[in-house]
Amino acid sequence: MNTIYFDNSATTSICPEASEAMVNAIDCYGNPSSKHIKGLDSRRNIDKAREQVGKALGLIRPKANELVFTSCGTESNNLALLGTVYAKERRTGNRIITTDSEHPSVDNALRKLEKDGFEVVRLSTKNGVIDAEYFESVLDDNTILVSLMMVNNETGAVYDVKKLFEMVKKKAPSAVIHCDAVQGFLKCPFNVKSLKADLISISGHKVHGPKGIAALYVSPELIKAKKIVPYLIGGGQENGLRSGTENIVGIMGFGAAAEAGFANFHRNREIMINLRDYCTSRAIEVGAKVNIPDGERAPHIVSITLPDIKSETMLNFLSARGICVSSGSACSSHSRHISSSLIGFGVSEHDADCTIRISFCENNTSDEVDAFIAALETGIKTLVKIRK
Ligand code: PLP
């Protein structure tokens, strides 16, 4: 059975460039902290990969504490949030501003901070848009941190974070700005200069790199002002911001994937936009509802609400036919909670339980969309409906 893989927001296949780099990396077994030739060889390869990933973010020769390699997007988000808030001596307030639709790696980290006494303000993301006027009204001198995701992993809403971050610079200039760009990296056009965030999280396995590797951009101003502290403490790797012997295979794979993705950015984006728009119109034709954000839409995500069919039932039906989709974000499928992103978007609890996510990469085709739609149509006609 041929597989149709439409779950690229959960993770992607490894591209040939990353695969080749990782095979070469196996020979780079020297510890990058060692001063002999094997150590220096590993160090050189890490430096090269940091430049490759950095270039895709608009950085030229980033230092190790400017682009910190971590183990996953979750760790990047945790380091960004806990690392800045616990830089206590630099803290001058108590308020943290975020949205009601963040990934659990942000949401649960902020819930922990809430328990520790911080005030967390969650902005509505109704119809995929953050209300800029309300955002401005809650920004004040007491605000220490603003954490907004770039692309919602379940609805594909692209929030207007550039505009919102500019407001922070004007109304709460001492607040630290974090952007979870895990779903936006190499999908949406941005770089560190245009985004104006102090901290940006990205992850390797979402962009055809390997799992177990990600990065956090940290602005030089934040480092200079000592507004971030490490939470993984040890030998002082990554200029002290993330201790632990570096994952060279992962780092070299991520570097190669980022370089290839950046070189083909416009081509890949266009392919995904065409697939997204084609899939959207065909899904509506066969009786599904597509959750289309009022603002900008990510090129790779389509959120589809089925007519009274549980997402899990449809997921299993499609999977039996070789088609891989998701019934919500991969991470939230570990818990039985109704998706906060869908509820935040304005989808009812009943409909959220009937919503599947299709997510593309540049290797998908319109023929695959046709095969998916044919299976979806059969599924809608034959599967048992749940009562409203
Ligand atoms: N942030 C967003 C928006 C995500 O979609 C994900 C993963 O789905 C993460 C963070 C976590 O990334 P990782 O799987 O690398 O921990």
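Heavy-atom basis, side chains included; hydrogens, waters and symmetry copies ignored.
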Looking only at the side chains, is there a donor atom on one of [X] and [Y] sitting less than 3.5 Å from an acceptor on the other?
X      : Y      : answer
Asp180 : Ser201 : no
Thr70  : Ser76  : yes
His300 : Gln183 : yes
Thr355 : Thr305 : yes

If you count every heavy atom of other residues, nucleotides or ligands that lies below 6.0 Å from [X] atom [atom1], does the total exceed 12?
X      : atom1 : result
Glu270 : CD    : no
Asp141 : CG    : no
Lys171 : NZ    : yes
Lys48  : NZ    : no
Glu20  : CD    : no
Lys63  : NZ    : no

| said: Arg122 vs Asp107, test: salt bridge (charged side-chain N to carboxylate O under 4.0 Å, His left out). Steps then yes/no. | reply: CA-CA 10 Å; Arg122 291 184 181 80; Asp107 190 45; 3.6 Å; yes

Quick check: does any side chain N or O of [X] sit under 3.5 Å from a backbone N or O of [Y], one acting as donor and the other as acceptor?
X      : Y      : value
Lys211 : Gly250 : no
Lys206 : Asn8   : no
Asn364 : Cys361 : yes
Asp41  : Ile37  : no
His208 : Ser13  : yes
Ser243 : Ile233 : no
Asn153 : His103 : no
Glu66  : Pro62  : no
Asp198 : Glu221 : no

Review point. Would a 4.5 Å heavy-atom cut-off, applied to side chains only, mark Leu186 and Phe262 as touching?
Key: yes

| task | Answer whether the closest heavy-atom distance between the side chains of Glu238 and Pro230 falls below 4.5 Å. | result | no

From [X] [atom1] over to [Y] [atom2], what is the distance, rounded to the nearest 0.5 angstrom?
X      : Y      : atom1 : atom2 : value
Phe360 : Leu275 : CZ    : CG    : 5.5 Å
Ile200 : Asn191 : CD1   : CG    : 8.0 Å
Ser339 : Asn152 : OG    : CG    : 7.5 Å
Cys72  : His205 : SG    : NE2   : 7.5 Å
Ile130 : Ser124 : CD1   : OG    : 9.0 Å
Ile304 : Arg357 : CD1   : CZ    : 12.0 Å

* Leu199 reachable from Val106 in the ILVMFWY side-chain graph, under 4.5 Å edges -> yes

Pair [X] + [Y]: basic N to acidic O under 4.0 Å:
X      : Y      : result
Glu102 : Arg111 : no
Glu246 : Arg43  : yes
Glu166 : Lys196 : yes
Arg95  : Glu119 : yes

Might you point out which heavy atoms bring [X] and [Y] nearest each other, and give the distance in Å?
X      : Y      : value
Gln52  : Ala256 : OE1-N, 3.6 Å
Ile380 : Val286 : CD1-O, 3.6 Å
Ala215 : Leu67  : CB-CD1, 4.1 Å
Ala175 : Val168 : CB-CG1, 4.0 Å
Ile343 : Ala352 : CD1-CB, 4.3 Å

In Ile373, Val290, Asp277, the residue satisfying side-chain contact (heavy atoms from CB on, under 4.5 Å) with Arg282 is Ile373

Q. Checking side chain to side chain donor-acceptor pair (under 3.5 Å) for the pair His350/Ser348: CA distance, chi angles, key distance, verdict?
A. CA-CA 5 Å; His350 170 276; Ser348 68; 4.8 Å; no

- Query: Which is it for Ser319 and Asn316 under the side chain to side chain donor-acceptor pair (under 3.5 Å) test, yes or no, and what are the steps along the way?
  - Reply: CA-CA 5 Å; Ser319 182; Asn316 293 335; 5.9 Å; no

#### Entry: Check against side chain to side chain donor-acceptor pair (under 3.5 Å), Arg297 and Thr280
CA-CA 12 Å; Arg297 242 179 129 187; Thr280 299; 2.9 Å; yes

